[in-house]
2 protein chains.
Amino acid sequence: MSINPYWPNPNANSTTPAPAKTLVQATYDAMREDILSGLLGPGTKLRADKLKDRYDVGASTLREALNLLVGEALVASEGQKGFRVTPMSEADFQDIVRVRKQLETQALRESIAHGDDDWEAGLVGAFHRLTKIEERLQEDPSGLSGEWEVRNRGFHAALIAACPSRWLHYFISILFHQSERYRRISLSRSHTNGGSAKRDVHAEHEAIFNAAIDRNADLACELTEQHIDRTLSFLTDKGFFQHLQDMENR
Amino acid sequence: MSINPYWPNPNANSTTPAPAKTLVQATYDAMREDILSGLLGPGTKLRADKLKDRYDVGASTLREALNLLVGEALVASEGQKGFRVTPMSEADFQDIVRVRKQLETQALRESIAHGDDDWEAGLVGAFHRLTKIEERLQEDPSGLSGEWEVRNRGFHAALIAACPSRWLHYFISILFHQSERYRRISLSRSHTNGGSAKRDVHAEHEAIFNAAIDRNADLACELTEQHIDRTLSFLTDKGFFQHLQDMENR
DNA sequence: ATTTTACGCATTATCGAGAATTTTTAAAAG
DNA sequence: CTTTTAAAAATTCTCGATAATGCGTAAAAT
């Protein structure tokens, strides 16, 4: 994947030998994963020495990766005072959810309108992959969550893959990563504050999938909005936002 | 302004001495201006030596600024082959216009709904500033266009200033800069291909302003959509997009 | 004539050191 | 005791040099 998701990778479906990843990109990928997983918690001060040690790169390379993450709003640059993992807040997540609903439903509509057989095939495949791992995950909830993230991302990408708007894709991918951070961090830490009716994520995915394949745009969008909304109410019910201060300021 | 527009500058309305701009930020600002003005045309290969010479900075500083611009999709990073000013195309601008309409109308609605007296005051002031320079520009169309860009940006920002969604603001500012590049480059080069009915931009601004002050959200959004649409038809009528290939590949 | 290989040049990517800035610590003044 | 001032330490920012990679040219092979 190219650094900037908006501009497509020319080697997408080709047989050219290797992606030839640059060190900056590798560092960027690694750091993003560490931020999304919560290993680098919200608000964490990103000191050069520590990070140079952790990722084993020079100062410049590190700062380039950092500046790349600033563009995705996963890292905030503070004047002459270094970098910091972007803080999290309930208001921020509500905002993400609102805008994400608007953009994803729009993209889904256009995707359903433009989608051809290839789109359907890709969607069926992505849903199948996701189904398999969700079955496996239900029996054995240990591990595998990394792979689930990949397939969940793939399914949601396949849904809107036929939408021709590059800018929608770009913005949606940013917001998706933002959401992913909230979800993953909320799961990795125990905040079992309240009940929060058990959520059948797979059923939600299946319903969206069926509506999309049936070309029922209105229903698919409705279900997508609910799907996204539930990520918010899920975290709220869990009392996740009350624990945010605890993990800041390291 | 902080590098990442999404996260507000804590020194916004304070009396603290100086913004203490970092060299990276200065270079980033200068390069962005050069790209938006067309001085660095679409598709231009950004060679390190030339740019080091032009902006008088070291290699690392330069690359940091470059990576910042990648996040705004004004610069594209090509694997291991350096950087390049993002190309322009008719399809891209159509996409920008579509998404921009959707986001700006949404933000305008929320702004009109939430706006208080301070918002109105800011809007009146911004409109006044814009009016003055547009009057001056009508008599003497030479120069001043740089200042017009600033005030036009300010007016559009004031319209949606009361919208509470940080993410909408962030995405809109990206798309606004993208649009600005198309508009400015189309004006700086002579492509008087066809008639293109003379456009009274000030009248459009005035109509939007009045609708916003009247809290007529539907009308204001309608007018905003037309306003944005006209930037597209204006360039199309001018035959701008037929000249795009000419200015690539330097 | 076309393709392949090898070489030298141009450009990019990476690093570590030094300069500039902020933060911390401690002493001095009120 | 609190505030101010000043030096020291820690951290960030910037630069130029070096290593790695890609590109163009020309000789060699098919």
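Just so it is clear, the model here is predicted, and its values are computed rather than measured. Every chain is numbered from 1 and lettered A, B, ... according to where its sequence line falls, protein lines coming before strand lines.
- Here C:dT12 presents its P atom at 13 Å from CD of A:Glu64, a figure rounded to the nearest Å.
- In this structure, the CZ atom of B:Arg47 is 18 Å from the P atom of C:dC9, given to the nearest Å.
- Under 4.0 angstrom from either OP1 or OP2 of D:dT12 there lies at least one side-chain N or O belonging to A:Lys45.
- Atom CG in A:Leu51 sits roughly 12 Å away from atom P in D:dT11 (whole-Å rounding).
- For the residue pair B:Tyr28 / A:Asn67, no side-chain donor-acceptor distance below 3.5 Å is found, with atom types taken as modelled.
- In the set C:dT14, C:dT23, D:dT12, D:dT12 carries the atom at the smallest distance from any side-chain atom of A:Ala48.
- No donor-acceptor pair closer than 3.5 Å links the side chain of B:Tyr182 to the backbone N or O of B:Thr231.
- Here B:Leu46 lies in heavy-atom contact (under 4.0 Å) with sugar-phosphate atoms only.
- A donor-acceptor contact under 3.5 Å is formed by the side chain of B:Ser60 with the base of C:dC15.
- The side chain of B:Gln80 lies closest to D:dT21, out of D:dT21, D:dC15, C:dT22.
- The nearest whole Å value for the distance from the OH atom in B:Tyr55 to the C1' atom in D:dC15 is 19 Å.
- Checking A:Gln102 against A:Gln106 by side-chain atom types alone, no donor-acceptor pair falls below 3.5 Å.
- Phosphate contact (OP1/OP2 of C:dT14, side-chain N/O of A:Thr22, threshold under 4.0 Å): present.
- Using a 4.0 Å cut-off, no side-chain N or O of B:Arg63 falls inside it from OP1 or OP2 of C:dT12.
- Here C:dT12 presents its P atom at 9 Å from CZ of B:Phe83, a figure rounded to the nearest Å.
- Distance CD (B:Glu78) to P (C:dA13): 10 Å, rounded to an integer number of Å.
- Atoms CG (A:Leu62) and P (C:dT14) sit 12 Å apart, rounded to a whole Å.
- Distance from the side chain of B:Asp49 is smallest for C:dT12 among the nucleotides C:dT12, C:dT14, D:dT11.
- Judged purely by distance below 3.5 Å, without hydrogens or angles, the side chains of A:Arg100 and A:Ser179 pair a donor atom with an acceptor atom.
- In this structure, A:Asp53 places its CG atom 15 Å from C1' of C:dG16, rounding to the nearest Å.
- Taking 4.0 Å as the cut-off between side-chain N and carboxylate O, B:Arg32 and B:Glu180 do not count as a salt-bridged pair.
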